[in-house]
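Report on the structure given below.
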2 protein chains.
Amino acid sequence: MASSKKPAPEDMRQRILEEATRRFGDHGYGETSIDSIAEAVGIRKPSLLYHFSSKEKLREEVMHNMMERWKEDLPRLLTAATGGHDRFESTIMAVIEFYLDDPTRARLSVREAMDRPDALKKALKENLQPWIALITDYIRWGQKIGICHADVDPEAYVIHVLLASISMVAFTPVAEAIAGTTAKKSLARQKKELVRMAREALFVDGAEIPDGA
Amino acid sequence: MASSKKPAPEDMRQRILEEATRRFGDHGYGETSIDSIAEAVGIRKPSLLYHFSSKEKLREEVMHNMMERWKEDLPRLLTAATGGHDRFESTIMAVIEFYLDDPTRARLSVREAMDRPDALKKALKENLQPWIALITDYIRWGQKIGICHADVDPEAYVIHVLLASISMVAFTPVAEAIAGTTAKKSLARQKKELVRMAREALFVDGAEIPDGA
DNA sequence: CCTACCGATCGGTAGG
DNA sequence: CCTACCGATCGGTAGG
């Protein structure tokens, strides 16, 4: 019981990072004082500044952290499923799940897009673009063999599906207000409908997928 | 030339409102000082506080203003077009245009959704829901007569299209980073693809629309 | 519409 | 990891 009040010996850095991530996502960078983060993890402001030399440095590490998670999860997401329609649907579901798993990620992405567009742009180009290219190449191949609609704009399509995945998690209150249901039920409906829309908008009805994909 | 420096006699209130709208959208409420708004319209902070008794009151009026624009434009948007496929597409295009016309609206909507979810939820319920019901009713009718896919979730569908319209305008940098084009070109592509996706996801291919709609 | 000013809060430093 | 403290900025008021 003596160790219940100060249980953190060396993972303090990690605890600060997690608390900062949550608060930056929930309230935004400017609205979050490093003092409130320090208090939440049970230390004083100058002690926090020993671990992260400035608030800006803390922000950079929070964002770097989220990008690392993306880089860890992406390969698994993109290679997990079987192939053809199924592969596509489970990929989309995995992307949604990435944000659903931890809504803070969605909110943090939205805030970064609003407040530091250039920084996010650069990070996306470096970390996400190669994987996007993999998907757009697949769509173009699908168009050639006739399983994907010919008039799909592959890049624009992928962007819309990605933004929709983030939006449905970050903006649940909007969906609740319109659909008039609870957050949980609303999210389940939004997810199912997004997967359906993405499928219907991409694949030609009734088209068969060849064996090797 | 003598009147070029102080051209504002009585529309000062409106000028403050417009400047506040732009800055709240661009940088967020918390990041915008009323001092910077006052400076931008050429007066001092206490003078601004004569027109709007507090920063919070200013925020309320900014949001009220945007909702009024919505209420003005909505009826026109929903009744403008011809009917069936065409009517639907031009309605979606009009919604996109509403935000494209003034990207600040999209950014302001996103920030309000993030920072004051309950306030936005209430405003949407009061102002938007009746119109949403009109569209979902139309979809359900379309499903009955077989021109809309039977497995569409009308509410979830409308929410996704609305969020996508806002997102493509508010998050252009993301689209630029992924598509690798300029903002203008990227927006044109995103708009065209969203309209296509919305159509393909809703209507049964090759179905005919009856005369009276 | 102004000058002058207030108390609170912020990020960050000194020094231990 | 702490106490003590700094200069800057904030929203808002007094008083004219």
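Chain identifiers are assigned alphabetically (A, B, ...) following the order of the sequence lines, protein sequences preceding nucleic acid strands; residue numbering begins at 1 within each chain.
One can place CG of Leu58(A) at 15 Å from P of dC10(C), the figure rounded to the nearest angstrom. Note: CZ (Arg59(A)) to P (dG12(C)) measures 13 Å, nearest angstrom. Rounded to an integer number of Å, the gap from Asp35(B) CG to dA4(C) C1' is 14 Å. Atoms CD (Glu31(A)) and P (dT9(D)) sit 18 Å apart, rounded to a whole Å. Here dT9(D) presents its C1' atom at 12 Å from NZ of Lys55(B), a figure rounded to the nearest Å. Distance, Tyr29(A) OH to dC10(C) P: 13 Å, rounded to whole Å.
The pairing partner recorded for dG15(C) is dC2(D), the criterion being a Watson-Crick or G-U wobble arrangement whose two distances lie under 3.5 angstrom.
Considering only side-chain atoms of Arg44(B), the nucleotide from dC2(C), dA4(D), dC1(D) that sits closest is dC2(C). Picking from dG12(D), dT3(D), dG12(C) the nucleotide with the shortest atom distance to the side chain of Leu49(A) gives dG12(C).
A distance of 8.0 Å separates OG1 in Thr32(A) from CG in Asp26(A), rounded to the nearest 0.5 Å.
Judged by distance alone, the side chain of Arg107(A) and the main-chain N or O of Met114(B) form a donor-acceptor pair under 3.5 Å.
Checking Glu193(A) against His160(B) by side-chain atom types alone, no donor-acceptor pair falls below 3.5 Å. Under the 3.5 Å distance criterion, with hydrogens and angles disregarded, no donor-acceptor pair is assigned to the side chains of Gln143(B) and His149(B).
Across all strands shown, Ile34(B) has heavy atoms under 4.0 Å from sugar-phosphate atoms exclusively, and none from any base. Within the 4.0 angstrom heavy-atom criterion, no nucleotide atom of any strand lies near Ser36(B). Across all strands shown, Ser33(B) has heavy atoms under 4.0 Å from sugar-phosphate atoms exclusively, and none from any base. Within 4.0 Å (heavy atoms only), Ile43(B) reaches sugar-phosphate atoms of the nucleic acid but no base atom.
Between Arg13(B) and Glu61(B), at least one side-chain nitrogen of the basic residue sits less than 4.0 Å from a carboxylate oxygen of the acidic one, meeting the salt-bridge criterion.
Evaluation of atom-type donor-acceptor distances gives a pair under 3.5 Å for the side chain of Lys45(A) against the base of dG11(C).
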